[in-house]
Each structure stands twice: as C-alpha cells, then as structure tokens.
Engineer: 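A single structure is presented below for examination.
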Amino acid sequence: MEAISVDKLCRDYYLKNELIHAINNISYTFEYGKFYAIMGHSGSGKSTLIQCMGLLDKVDSGKIYIDGENVSSLKEHSKNEIRNKKIGFIFQDYYLNNTMKAYENVMLPMLINDKYNKTDMKKRAKELLKLVGLEDRVNHYPKELSGGEQQRVAIARALANSPSIILADEPTGNLDEFTEKYVLEKLRKLADEGNCVIVVSHNPVIVEYADYVLKMKSGRFIYEG
Amino acid sequence: MRGKSYLFLAFKSFFHKKINIINAFLLIICTLLIIFSCSFFKTFYTFLSNSSTGNLSYRTLRVSSDYSVIDKKWLEEIDGVSYVISEDEYRLTVKTNNDEYINLYGVPNDFIKVNKGELLTDDEVIICPETFYLGLEPENYNKEFVSKLHDGSNYLGEIFTFIINEHELDYTVVGIFDNDKYTYGEYNTCFTSITNMHKLIETELENCEGCYISEDSNVYVIVDHVNDKDEIAKKIGSKYSVDEIIQINTPTITFILSTFLAVTAIILIFVFIILFILTKKFMTYNKESNLIYKAMGYSNKVLVRVNYLENLILVVFSFIISMIIVIIIYFILLNKYNADIKTGINIYISYLSIFGSFTACLLISLLSTRFALKDKKKSIIEELDDCEI
C-alpha cells in the first residue's frame with residue numbers, strides 16, 4: 001500500500017551564488033511495511049529529499065502524496081498536523097530538549113495532540129521508553145544519557161503519536177556498533193509491523209536491514225535495488 | 001494545544017535556562033529601581049509640596065527689631081501673611097502626666113484644618129497630629145500612651161494633663177491634623193488657640209521673678225505660601241530685620257529628583273537592550289530547536305507563544321522576588337525607624353509605583369522578546385533558504 005509518493009520532485013538552492021539541484025526530478029513510491037535505505041555521498045541530496053517528504057522543506061516543483069493525498073500544496077497548519085500524526089522523525093543529532101527528562105521529551109509530540117491527557121501521555125511515554133529498553137532511564141535528563149540512549153529516546157519520541165511513516169536521517173551516524181545494530185533492528189521491526197521506514201544513511205551496514213536500497217547522486221536516484 | 005501544555009513548556013524552559021537568572025536579576029533591579037525611584041520622587045515631591053503649602057517651619061519668618069516696638073498690625077496687613085504671633089506666645093514645651101513632652105504652638109482658631117474632630121476653640125482644647133513622632137529615647141515612653149500616639153483616632157477625645165509649675169491643666173484633644181501638612185518638623189507638635197497659649201505661658205512664668213510676656217519681643221510671621229516668603233521678607237526687611245527659621249532650596253531638590261529620574265530612565269533603557277540581546281541569544285525559538293519542534297508538528301505560532309509565556313513567568317517571578325525585597329526594606333526596616341525620623345518625612349511606597357514597575361518590566365520583557373523574535377525569525381528563514389538543512 002502506498003505511503004509516500006513523490007512525482008517529478010525538484011528542489012534547488014543557491015550555495016555561494018551557484019545553483020545546486022538538490023533534488024532533480026525524482027519520482028518514486030514508498031510503500032507501507034517496507035524498509036527503504038537511501039544512500040549516497042554528502043551533498044547528493046538525500047537529506048533534502050527526506051526533509052521535503054517530511055514537509056520540513058519546501059519544493060520548487062513536483063508533488064508529494066501521503067496516503068494518496070497531495071500534501072505539497074497544503075497550508076502550513078495542515079502540514080503541521082500531518083507531521084504530528086503521520087510522520088515520526090529521527091535525526092543524527094537526536095535534538096533532545098536538554099531541559100526535559102527522557103519521558104518529557106517523549107511526551108513532546110503528544111502535547112499538541114488532543115488525543116492524550118496528561119496521565120495518558122506520561123503512561124505512553126514510559127511504555128515507549130520501555131519498548132526501546134530505557135525503562136530505568138525514564139527520569140534522566142539527556143545529559144545523563146549516553147549517545148545511544150539519547151538516540152533511543154529520540155526513537156521513542158518519533159513513535160509517540162503512533163505514526164505510520166518513519167523518516168530517519170543518519171540515525172546511526174553518532175553511534176557505536178552495538179547501538180547501531182540495536183537501532184537498525186528496531187527500525188526493521190517497525191517496518192515489519194506495517195510502517196513505512198525510510199532511512200537516509202551512508203553506512204553500508206544498513207543494506208542488511210533494508211528491503212530496498214536507493215542510491216543518490218546529484219539529486220537523482222542512480223540505483224534502485 | 002492546551003494552556004497547560006504551554007505552561008509546561010514555558011516552565012521547563014524558564015527553570016532550566018541559566019541565563020534566566022541574569023534576566024531575573026536585571027528585572028528585579030528594574031522593578032526595585034522603578035518602585036524606589038517613584039517612591040523617592042513621591043516622598044520628596046510630597047515633602048516639597050507640603051513644605052510649600054502647609055509645613056509651618058518653611059513658612060515662618062522671624063522678625064526682630066533693636067530700635068522699636070514691632071508693628072504687628074502692619075505685618076498682618078501685608079499680602080500673603082497668614083498670621084503674626086509674638087515669640088513669647090509662639091511655643092511652649094509642656095510635660096504631660098505620662099512623662100511625655102509635647103511642643104505646643106499657638107495659632108488662630110481656624111488656621112489648622114483637621115482630618116478628624118473639630119477646629120480649635122478658646123476652650124481648653126488642643127489639636128494633635130495623626131501620628132506623633134517620638135523623641136530620641138522612645139523606649140522610655142509609656143507603652144500604652146505610645147500605642148495610642150501611633151493612631152490619631154485612638155486619642156481623639158483623650159485628655160492630656162499638662163503639668164506646669166505644679167499645676168495640672170487638662171486639655172482635650174478635639175481634632176487630629178495631617179502630619180505632612182502642618183508639622184513643624186519637630187516631635188510631638190500640637191496646636192492650641194493663641195488665647196490658651198497666652199494662659200499657659202502665664203502659668204509657666206508664674207513663679208519666675210522678672211519674667212513676663214513681652215509685647216515688644218521678636219515676632220513670627222507665618223506666610224500663606226513658601227513661594228511668597230522671599231518677597232514678604234524683602235518687604236518686612238525694609239523696616240525690621242528678618243530671617244528664616246528653615247531655608248529650603250527647592251531648585252536644588254528638584255534638580256536632584258530630575259537627575260535621579262533621568263538616571264532611572266537611562267538604566268531602564270540599558271536593561272531593555274541587555275534583555276533584548278540575551279533573549280535573542282537564548283530564546284527557545286532558534287534554528288536547531290525550531291527544526292525538531294517543526295518536525296514534531298509544532299507551528300511557529302506555538303513556539304512564539306511559549307517564548308512570550310516564558311518571559312511572562314520571568315516577569316512574575318522577578319516581581320515576586322522584588323516585592324519580598326521591598327517588604328524587607330520598607331515594611332520591616334524603614335517602618336521600624338520611620339517613627340524616629342526627625343524631619344517627619346514619610347517614605348511612600350505607592351500602589352501605583354508597584355503597578356507601574358510590574359507594567360514597565362512586562363513591557364520591557366515582552367517588547368524585547370518581540371524584537372528578538374522578529375530578528376531571529378528573519379535570520380532563521382534566511383538561513384533555511386540559503387543552506388541545506
């Protein structure tokens with residue numbers, strides 16, 4: 001079943017007065033229940049693609065469909081709602097709020113979701129932390145956690161509103177081998193549970209976990225397999 | 001997003017940003033500065049204003065002559081003169097049966113306006129201040145008496161027994177006047193009629209051989225308004241020698257007050273600029289957190305509101321701390337010694353200055369946030385447009 005579909009997607013930007021085609025006329029369909037690995041060198045456009053599909057960046061031309069709905073022309077508040085309810089983001093640098101405990105970080109996406117009251121939020125945050133093996137780190141601040149633990153908190157946060165699409169940008173970039181394996185296994189499991197998992201990485205290990213590998217160069221897919 | 005969630009985010013951000021300690025410190029200084037400068041201004045403005053219109057010490061000229069009897073009638077007819085009284089009828093310090101000393105002044109019956117009670121008559125009555133200023137050794141006073149002195153309404157109708165030359169003379173307090181307006185700047189000032197003053201002084205001089213009330217002694221001229229004093233003094237000076245009891249340098253005091261207010265205003269502007277810089281640098285709404293909050297579905301509007309709310313919490317927090325400091329400084333320290341202040345100047349902490357300081361700090365904080373956000377938002381958009389995320 002179709003999760004995200006991009007149609008003739010283009011994104012350009014200027015770097016030191018030079019026009020860069022970060023995404024150059026890409027069309028592709030990502031399906032539920034699959035794990036996609038997008039690989040490529042720095043500057044190949046993989047991060048820009050994931051930002052555009054996650055509605056974090058604007059596109060210059062082309063269309064993005066989520067669950068069959070054209071979302072590229074939606075207003076900002078509708079995009080916010082889609083990001084909050086349908087998409088879970090994981091970043092290389094975790095971006096945890098250092099002023100909040102682990103469970104409070106996980107609660108963040110739920111704060112703007114009317115579905116949860118405070119008790120439910122707290123309960124769900126603790127369940128999610130248990131899911132990523134951090135039940136004993138619930139009340140710890142990010143500074144008190146290792147890099148791997150912080151990334152697991154970020155995964156729990158990405159899953160807070162039970163999104164069906166997971167977009168991860170270099171999720172294992174700052175992790176050791178053991179934690180890297182743990183995180184990729186978790187993402188694989190999420191795909192097996194029926195979610196669409198799209199991971200941007202230049203780490204070849206990811207190939208072992210992905211259903212599809214897409215290689216990018218100069219804003220285009222040069223390999224699909 | 002629910003209000004509670006806004007509060008949660010704002011409180012989290014507020015209590016964990018170390019920079020908020022500096023921000024709070026700045027706002028506390030700001031609040032205290034406004035409260036104390038307003039209070040300082042009001043205190044001295046009231047003091048000057050009362051000096052000009054009411055305080056008798058500043059309105060009194062002493063007229064003397066070595067060569068002739070002073071023509072009191074001529075003095076009374078000068079424009080702007082309230083009344084004229086002989087030095088011998090002017091003042092008498094009497095001891096009460098409570099061992100308290102009171103300075104009694106003789107004034108025309110309708111001269112002192114009362115807050116409570118009645119005007120003077122030629123019966124044996126006096127009018128006294130709302131609050132007595134105690135002498136240098138207040139611990140020696142009768143405590144029951146002192147407690148009455150601190151609230152004029154408590155001793156309205158009270159009979160003071162004056163002990164003069166072994167005579168006990170009962171005088172009833174029939175009226176209470178406003179300290180600020182009529183005090184002579186001395187302790188325990190009460191007023192009685194000129195007739196009564198005459199009688200009391202006669203009693204005082206009863207056993208004093210060779211003592212008598214002299215009609216040709218120095219006289220005191222009380223003028224209507226302190227501003228007319230120089231002109232009246234000049235007029236009297238053409239005939240008799242004249243001097244002021246207390247000189248007041250209004251322009252100097254006004255200059256000090258203006259300078260103080262100007263310095264306060266400059267400090268407030270500096271606080272605004274520092275807060276603007278700090279808010280801009282450390283606000284929650286920055287590029288990094290903007291990306292992740294945006295990824296979670298937060299709108300810019302929500303983040304901006306959280307920043308405003310955080311600043312509101314900062315202002316309220318700083319205000320509460322400032323109020324505690326004000327209470328400690330004013331209500332405990334100043335109030336304890338206020339009664340002993342010789343000049344009788346009351347220190348005012350007005351509700352208006354408290355409200356004003358809160359409003360000013362709120363405005364400074366919210367405006368600095370607004371400008372910082374505007375600036376920050378612009379730079380974030382520019383950065384996002386120019387670079388790959």
Side-chain angles (χ1 to χ4, degrees), chain A residues 11 13-17 20 22 42-43 45-48 50-52 54-58 76-91 93-101 104-105 107-114 116-118 121 141 154 157-158 160-161 163 167 169, chain B residues 1-24 278-279 281-307 309-311 313-314 317 377 380-389:
Chain A
R11 174 74 172 108
Y13 61 88
Y14 283 92
L15 191 65
K16 293 173 185 169
N17 294 329
I20 307 284
S42 289
K46 54 190 191 307
S47 285
T48 309
I50 212 169
Q51 305 279 359
C52 288
L55 310 178
L56 284 174
D57 199 0
K58 63 184 180 187
E76 198 52 41
H77 68 89
S78 305
K79 286 182 180 176
N80 287 336
E81 202 171 332
I82 288 172
R83 280 196 297 266
N84 180 248
K85 289 176 182 163
K86 289 190 175 176
I87 304 172
F89 284 92
I90 302 164
F91 297 94
D93 293 326
Y94 330 128
Y95 292 134
L96 296 181
N97 190 323
N98 287 327
T99 68
M100 294 178 187
K101 292 174 182 173
E104 290 170 335
N105 266 290
M107 273 167 59
L108 274 174
M110 292 187 264
L111 287 174
I112 49 169
N113 187 339
D114 296 336
Y116 302 100
N117 62 37
K118 203 183 172 186
M121 274 189 246
Y141 286 96
R157 183 182 61 189
N161 284 331
L167 301 177
D169 190 355
Chain B
M1 190 161 121
R2 286 176 290 255
K4 272 185 188 174
S5 303
Y6 278 112
L7 272 177
F8 169 76
L9 288 174
F11 265 108
K12 275 285 161 188
S13 185
F14 173 73
F15 281 110
H16 284 87
K17 266 191 210 163
K18 281 180 185 156
I19 195 67
N20 274 335
I21 297 171
I22 298 174
N23 289 348
L278 293 179
T279 310
K281 200 168 176 190
F282 296 95
M283 65 188 359
T284 314
Y285 189 93
N286 57 47
K287 193 188 168 194
E288 190 183 277
S289 62
N290 188 49
L291 177 68
I292 187 61
Y293 277 110
K294 208 174 164 190
M296 287 187 282
Y298 281 77
S299 64
N300 288 341
K301 205 188 275 179
V302 168
L303 295 177
V304 166
R305 281 181 191 161
V306 169
N307 266 294
L309 196 58
E310 187 187 336
N311 273 275
I313 293 168
L314 176 71
F317 175 79
K377 200 173 175 182
I380 285 173
I381 288 165
E382 278 166 5
E383 279 176 52
L384 290 176
D385 279 349
D386 291 347
C387 315
E388 190 180 10
I389 302 168

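As the structure is a prediction and not an experimental result, all values here were calculated from the model. What you see below is based on every heavy atom in this structure, not just the backbone, and it leaves out hydrogens, waters and symmetry mates. Convention: sequence-line order gives letters A, B, ...; per-chain numbering from 1.
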Engineer: Under a 4.5 Å cutoff for heavy-atom pairs, which residue among A/Asn84, A/Asn80, A/Ile82 has the most contacts with chain B?
Structural biologist: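 Looking at each option in turn, the highest pair count goes to A/Asn80.
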Engineer: Highest number of heavy-atom pairs under 4.5 Å with chain B: which of A/Met107, A/Glu104, A/Met121?
Structural biologist: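 Winner by heavy-atom pair count: A/Glu104.
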Engineer: Parallel under 30°, tilted from 30 to 60°, perpendicular over 60°: which one fits the rings of A/Phe89 and A/Phe91?
Structural biologist: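 Correct class here is parallel.
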Engineer: If I compare all heavy atoms of A/Arg157 with all of A/Pro109, which pair ends up nearest, and what's the gap?
Structural biologist: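 The answer is O-CG, 3.5 Å.
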Engineer: Minimum heavy-atom separation for A/Asn161 and A/Tyr116, please, with both atom names.
Structural biologist: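 Looking at all heavy atoms of both residues, the closest pair is OD1-CE1, 3.3 Å.
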Engineer: Taking A/Ser47's backbone N and O only, do any of them form a donor-acceptor pair with A/Asp169's side chain (distance below 3.5 Å, no angle check)?
Structural biologist: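 Flag not set: sc A/Asp169 to bb A/Ser47 has no pair under 3.5 Å.
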Engineer: Heavy-atom cut-off 4.5 Å, strictly under: side chain, backbone, both or neither for A/Asp93 against chain B?
Structural biologist: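 Neither the backbone nor the side chain of A/Asp93 comes within 4.5 Å of chain B.
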